[in-house]
Every structure is written in C-alpha cells, then in structure tokens.
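Below, chains carry the letters A, B, ... as their sequence lines are ordered, and counting in each starts from 1.
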Protein chains: 2
Amino acid sequence: MPVPPSAPRPTLEAVAARAGVSRATVSRVVNGGAGVRGPLVARVRAAVEELGYVPNQAARTLVTRRNGAIAVVVAEPESRFFTDPFFAQQVRGISRELAAHDNQLVLLLTGGGADHERVGRYLTGGHVDGALIFSLHADDSLPVIARKAGVPTVIGGRPTWPDPDARRRTLYVDCDNRGGARDAVRRLLALGRQRIVHIAGPLDQPASVDRLDGFRDVLPGVGAPMIAEGDFTPEGGARAMERLLERSPDLDGVFAASDVMASGALRVLRSRGRRVPDDVAVVGFDDMVSVAEWTDPPLTTVRQDIEEMGRLMAQLLLHALESESDPDGLPALSSIITPTRLVVRDSA
Amino acid sequence: MPVPPSAPRPTLEAVAARAGVSRATVSRVVNGGAGVRGPLVARVRAAVEELGYVPNQAARTLVTRRNGAIAVVVAEPESRFFTDPFFAQQVRGISRELAAHDNQLVLLLTGGGADHERVGRYLTGGHVDGALIFSLHADDSLPVIARKAGVPTVIGGRPTWPDPDARRRTLYVDCDNRGGARDAVRRLLALGRQRIVHIAGPLDQPASVDRLDGFRDVLPGVGAPMIAEGDFTPEGGARAMERLLERSPDLDGVFAASDVMASGALRVLRSRGRRVPDDVAVVGFDDMVSVAEWTDPPLTTVRQDIEEMGRLMAQLLLHALESESDPDGLPALSSIITPTRLVVRDSA
DNA sequence: GCCTGCCGTGAGAGCGCTCTCTGGAGACAT
DNA sequence: ATGTCTCCAGAGAGCGCTCTCACGGCAGGC
C-alpha cells in the first residue's frame with residue numbers, strides 16, 4: 001500500500017499542546033466535555049478538528065477495560081449454516097443494533113474441535129466485552145466455553161442443556177417455534193385437510209423439536225409414520241416428502257419445518273402429479289424471502305422476524321453488560337421469545 | 001451475568017514472579033521463546049499454564065501498533081447482498097484464512113451515508129490493520145474512504161474508477177467474469193443455438209459489465225433487443241425473460257448473468273410452455289449450490305469459487321501488510337483474477 | 001477584608017505490554 | 001591466566017490514554 005510514511009497520528013498530548021491545556025482537559029472534552037467551561041471546550045474541539053485527532057482505542061481499552069466490541073460466534077460444522085440466508089439476516093440485525101451503540105462486531109467462525117479452542121482462547125483473552133453465540137446443535141460446547149471464559153453471553157435459539165440452573169442463568173432469544181407450528185397446522189385443519197403430515201428438521205436441534213411439539217399439540221393422535229425427519233435442505237425435504245408419500249399416499253396436508261425443505265417437497269409433489277394446494281396443501285416455516293415467495297406456487301408459511309431477533313440479541317447483551325457493573329447482584333433480565341405470524345400465500 | 005467478582009487476570013508481572021524471572025523473559029517466551037535457554041523456557045511455560053495467563057491484547061497493541069484484526073466492510077444499500085449466499089461464502093473463505101494467521105475479523109456493515117462516515121472514523125481510528133471491502137456499485141465511496149484513512153485495502157471485485165493511477169495502486173480479487181461468460185455462450189453455440197439472448201445484471205456493477213462484454217466477445221453481431229437488464233433477483237430475471245420472449249419469440253438460448261436470475265427465467269419459460277433445454281437452452285453464472293442444483297431442470301452454469309476468492313482476498317491483504325514494513329518502496333503484489341469453469345448439468 | 005467551600009484545571013500515577021540497552025557470565029583464542 | 005567476543009537475562013523507558021487527587025481561584029458568608 002502506497003502510504004506516505006504514515007503521518008504519525010496525533011495524540012492527546014498534541015491536542016493539549018495546541019489548545020494550550022492539559023491532557024486531562026482534552027480527555028474530558030473528548031469524552032463528553034462534562035465539567036469543562038464553555039470557551040475551553042470550544043478551543044479543544046477546534047484543536048481536535050485541526051489536528052484530525054482520533055483517540056487510540058487500544059490505549060483507552062487498556063485503562064477502561066472496555067473494548068467496545070462484541071463477538072458473534074458461529075458454530076458451523078456443516079456448511080448449511082452458510083448457504084442459507086438465516087444467519088446473514090440475523091447478523092444484519094445484530095450489526096444494526098451494535099453500530100447504533102458504537103460497538104464493533106467481531107465475527108468468529110468455528111468448525112469445532114481445534115477451532116473451538118481458538119475461540120475459547122480469544123474470548124478468554126478479553127478482546128471483547130460480550131459474546132453472541134449461535135450453535136446449531138444441542139451438544140455444542142461453545143456456550144460452556146464462553147461461560148468458563150467469564151464473558152457475558154446471549155445465545156441465539158433456545159439452548160438445551162439439562163442443568164436447570166445453567167439454563168436459568170443463560171440468556172437467549174428465540175422465536176415462538178411451537179406456537180408458530182400450531183398456527184401452521186391449524187391453517188391446514190381450517191382448509192379441511194384430514195391427513196396432515198410433518199417434515200421435521202433435524203431433531204437434535206431445539207427449533208426442530210419445538211416445531212414438532214407444536215404439530216403434536218394440535219394433532220396429538222398422529223403416529224410416527226406421518227412424520228419424517230429432514231435436514232433443512234431442499235434435498236432433505238424432497239426425500240422426506242417421498243417417504244411420506246409412500247407411507248401415506250392419501251395425504252392432503254404438509255407442514256414442513258422450513259421453507260427450504262418445503263421447496264424440496266413441492267418439487268416432489270409436482271413431479272408426482274399432485275396439485276398444490278388443490279390435492280395437497282403445504283405450509284412452510286421461516287418466511288425466507290428468497291425462498292417462500294419464489295416457490296411454485298408461492299408458499300404459505302410461518303413468518304419469524306429473523307433480523308429483529310438478531311437486533312434483540314444484541315440489545316439484550318448490551319443491557320446485560322450495563323447492569324453487570326451494578327454492584328447489587330443480578331439484573332432483572334430474561335430471555336426473549338419473539339412471536340410468529342402466519343403468512344398466507346397460495347400453497348395452503 | 002453471574003460472574004464471581006471476575007478474578008483479576010494474571011499479568012506478565014505475575015507470571016514473571018512465579019517463574020522467578022523478569023517480565024522481559026516471560027514476554028520473550030510468550031512470543032515464541034527465541035533467545036531464551038531451554039530450562040527457563042520450560043519454567044516460564046509452566047508458570048503460564050498454572051496461572052492461566054493470557055496476554056492482554058490492548059496492551060500489546062498499544063506498543064506494537066498491530067492489532068491483529070482486519071475489517072470486512074460491506075456496503076449494503078439494498079438487502080440483496082444479504083439474501084444471497086454469495087457474501088456469506090466469501091466471508092467464510094476470509095474467515096478461514098484470517099483465523100489461520102491469527103487475525104480477527106471485524107465485520108462492518110454500512111447502508112451508506114452516515115454509516116459510511118462511521119466506517120471511515122472507525123478505519124481512521126486504527127482499530128484494524130487492514131480492510132477488505134465489498135462495494136457493489138461503481139460509484140461507491142468506500143474504497144476512497146479507506147484510502148484516505150491510510151488503511152491497506154483489498155477490494156472484492158474489480159473496482160471501476162476512472163483514475164488509472166488509483167486503479168493501479170488498488171488491489172482486488174475478482175473472477176474471470178468475461179472469460180466465464182465467453183465459455184457460457186460458446187456452450188450454447190456448441191449446442192447449435194442460433195438465437196441467443198442475454199439477461200444481464202445491473203450495469204452499474206463491473207461484474208455485470210464484464211459478463212456482458214464476454215457475451216459480446218463471442219457474439220459481436222447481436223443487437224440491443226437481445227439483451228435485457230435484470231437486477232440479480234429471481235423476479236428481475238423473470239421480467240427480463242418476459243421482455244426477451246416478447247422481442248424475440250424464436251429465441252433458443254439464454255445466458256443469464258446469475259443463477260438466481262436464471263431461476264426466474266426458467267420459471268417464465270416453463271409457464272410459457274417452452275421446454276428446457278429442448279426448446280430453449282439456459283446457462284447461468286455463479287454455480288450457487290442452493291440454486292443451480294435445485295432448479296428444474298438443474299442448471300448448466302459457470303462456476304466461480306467464491307469461498308476461494310474470499311480466501312485469496314485475505315491472503316493478499318495479509319501479504320500486503322507484511323511487505324508494507326519493507327522500507328524499500330512498493331511490494332510486488334498484484335490483483336488476482338480467479339478462473340471460472342463451465343459446469344454442465346441439464347439446462348444446456 | 002478574611003475564611004470557608006466549591007468548581008474547574010493540571011499533575012502524575014498507572015493500565016500491561018514490548019523492546020532497547022546494559023551488564024554479567026561463559027566460551028574461546030591468545 | 002588474561003582479554004575478547006558472544007549470548008542471555010534484567011532493568012527501565014515508554015506506548016496513549018483515564019482517573020484520582022491536589023491545588024488555585026473565585027464566590028459567598030461572616
């Protein structure tokens with residue numbers, strides 16, 4: 001990079017000299033200017049402007065023990081996490097909220113194993129004030145690592161650890177998967193469907209389990225043959241659909257645990273000559289713009305506001321960080337469950 | 001967060017005391033241990049282990065002027081950038097490379113305007129050693145901002161600024177859009193197609209222009225009516241396809257500048273009763289797994305290795321950073337154009 | 001007009017680390 | 001045995017900032 005011998009950035013000292021005041025005064029002005037008289041403030045501001053002074057974050061962090069950065073940790077054992085827009089939307093929400101509070105977003109991707117260890121070291125290293133963790137699977141060690149590192153954490157999605165105490169102390173943000181699933185199934189019922197099947201997500205993921213539970217809430221009688229497990233990919237959805245058609249050739253309603261799987265199911269239904277929604281009504285989950293609106297026919301689905309969930313995660317963590325400095329014990333913060341909403345299009 | 005009065009993290013000093021050596025020696029050991037005798041190294045290592053010492057990054061940065069962090073700046077005026085997996089894949093490649101060299105990834109999302117200014121301040125603040133910038137449109141100010149901030153930068157995709165000098169000094173990574181487009185069109189030609197049309201991307205983006213140029217390289221004679229501009233969305237692809245069908249009802253080959261647009265085009269062709277590839281052959285661009293393999297029929301397309309491009313961006317920047325410290329002028333680094341490859345499936 | 005009290009400013013001590021510089025100890029040649 | 005050279009460890013000076021503390025000046029009360 002052709003940078004002219006990188007003009008050494010001005011320091012507090014330089015600004016102080018220029019404004020004819022002490023370092024302390026400049027520091028006060030830079031940090032809000034409370035307790036400094038008007039004319040002086042103006043003089044310092046001018047000096048800052050002229051010199052193009054920007055505070056050195058490292059020096060600041062060294063003394064304040066605050067670095068204005070939040071880690072977003074993503075466990076990505078499969079690449080699925082990255083081929084589906086779910087993650088990206090959530091990150092966008094997080095980024096918005098963080099930026100609004102002048103916090104930086106440090107992205108940590110981990111494939112498990114040695115990577116996890118690296119992440120653990122990083123968190124322990126005190127590089128960040130807090131962490132936002134996405135771990136897909138129930139048994140993931142990431143949240144535990146963060147806890148050990150003593151880093152305040154908010155989890156994306158309901159964690160499923162057995163220890164109730166750990167569970168209580170863990171903040172998370174999730175959508176109302178179970179309620180959303182109930183709405184989906186009720187929609188199929190309202191359309192008069194009699195033989196409704198479910199394409200579930202991988203059942204080691206809490207979201208999948210919750211959606212299945214919602215399905216069962218409304219249809220307590222249905223047996224295992226009416227349920228097939230997919231893997232949140234179109235292929236998985238397609239295969240599940242094939243199995244279900246084999247087992248229940250007369251099915252007339254499908255609730256898929258994700259839009260992406262629903263799109264695979266639609267393909268299979270079409271190739272089998274079943275008309276949607278006339279012969280078989282299909283409801284998805286997520287309301288992923290790029291998927292739900294562009295299937296054929298457009299998908300009726302359960303909408304969750306993914307970006308908002310990201311925003312809320314960041315907000316919750318920021319609050320936790322603030323109240324942490326309270327000397328008097330635990331803050332009254334709790335996890336958040338966001339509502340879902342049925343979006344009716346053509347498939348059901 | 002219920003953290004026990006956060007046990008103060010051990011410092012170098014503490015480790016030194018425990019190992020019975022000086023701070024300097026501990027520092028040497030922590031940083032590789034060169035020039036320290038074996039037994040001492042072992043003693044220090046043991047002390048580090050026992051105390052669970054982790055270096056304080058802020059303090060280190062303060063003196064080394066290196067912070068081991070790279071900014072990834074994403075201009076995201078539309079949300080498109082985030083609903084399409086392109087970005088995510090690239091980030092994954094970047095993350096891999098950065099992690100392998102113990103650099104952190106700071107994600108900066110900007111919607112333009114005031115956000116850009118915030119990003120500029122951040123870069124100027126010296127929080128990061130370098131920046132990787134994705135700006136979609138030709139006129140985006142981000143690269144200029146980075147240059148002003150004096151931060152070494154690598155751009156994702158060929159930048160299009162008029163000043164040839166600025167262009168020469170700018171490092172970027174892009175795929176061979178033009179060559180890939182030529183391959184796509186040649187494929188259609190090889191299939192004996194006579195009336196080939198092009199669905200272009202937004203022509204304010206270099207990638208779109210390059211792909212169009214490639215199309216014209218092979219088919220210099222085709223007129224404007226055979227080309228329609230889309231916007232890299234399925235809808236845009238569909239609308240472009242409709243226009244083209246109107247203008248050239250006898251078309252028998254389509255080269256779409258992206259898989260996503262191709263998927264929209266396929267929809268329209270199907271609904272018009274044209275068989276693919278029998279009546280109309282279609283070639284896309286990108287080889288986006290979640291799209292190309294799951295269209296109906298699966299898409300013949302031009303593959304670009306997006307993740308690899310991300311990796312190369314990070315690598316290039318890291319190299320630039322290293323050689324920057326060379327006193328003797330500019331390093332012999334240059335931008336990278338990655339090859340593309342035609343992937344033949346069923347649509348052409 | 002002097003003392004008390006307060007407000008606004010400056011001085012200075014670190015935060016935890018790196019890195020240069022110095023000095024002591026040992027190896028080797030004289 | 002003496003001198004020279006090399007190598008390794010320690011002392012100490014900052015990096016740029018914040019924050020406590022002390023002090024000087026000015027208002028108000030007596």
Which pair of non-hydrogen atoms, one from [X] and one from [Y], has the smallest distance, and what is that distance?
X        : Y        : value
A/Tyr172 : A/Ser335 : N-OG, 2.9 Å
B/Arg158 : B/Asp174 : N-OD2, 2.9 Å
B/Asn67  : B/Gln57  : O-NE2, 3.7 Å
A/Pro152 : A/Leu317 : O-CD1, 3.6 Å
B/Asn103 : B/Ile70  : ND2-CG1, 3.9 Å
B/Leu62  : A/Ala58  : N-CB, 4.0 Å

Using whole Å, report how far [atom1] of [X] lies from [atom2] of [N].
X       : N      : atom1 : atom2 : value
B/Leu40 : D/dC8  : CG    : P     : 11 Å
B/Asn56 : D/dG16 : CG    : P     : 17 Å
A/Arg65 : C/dC15 : CZ    : C1'   : 6 Å
A/Gln57 : D/dC15 : CD    : P     : 19 Å
A/Glu13 : D/dG14 : CD    : P     : 13 Å
B/Arg37 : D/dC7  : CZ    : P     : 12 Å
B/Leu62 : D/dA13 : CG    : P     : 17 Å
B/Leu12 : C/dC15 : CG    : C1'   : 13 Å

Using a cut-off of less than 4.0 Å, is there contact between a side-chain N or O of [X] and OP1 or OP2 of [N]?
X       : N      : result
B/Ser22 : D/dA11 : no
A/Thr11 : D/dG16 : no
A/Arg60 : D/dT18 : yes

**Prompt:** Could you give all pairs that pass the ring pair (Phe, Tyr, Trp, His ring centres under 6.0 Å) test and reach residues 96-124 of chain A, with sequence neighbours left out?
**Reply:** A/Tyr122-A/His127
**Residue list, salt bridge (charged side-chain N to carboxylate O under 4.0 Å, His left out) with A/Arg60, at least two apart or on another chain** = none
Listing time: all N or O pairs from protein to nucleotides 23-28 of chain C that are below 3.5 Å?
none

**Request:** Kindly calculate the angle separating the two end axes of the helix from C/dG1-D/dC30 to C/dT30-D/dA1, each obtained from five base pairs, and round it to 10 degrees.
**Result:** 50°
**Prompt:** Among pairs that include at least one residue of residues 37-57 of chain A, which meet salt bridge (Lys or Arg N to Asp or Glu O under 4.0 Å), considering only residues two or more places apart or in two chains?
**Reply:** A/Arg18-A/Glu50
**Message:** Within the 4.0 Å limit for protein heavy atoms, which parts of nucleotides 19-26 of chain D are touched? Write it as a string from 5' to 3', B for base, S for sugar-phosphate only, - for none.
**Reply:** B-------
**Request:** Please name the residue in the list A/Gln89, A/Gln90, A/Arg92 that meets the side-chain hydrogen bond (donor to acceptor under 3.5 Å, both in side chains) test with A/Glu307.
**Result:** A/Arg92
**Asked** Are any non-hydrogen side-chain atoms of A/Pro55 and A/Val30 less than 4.5 angstrom apart?
**Response** yes
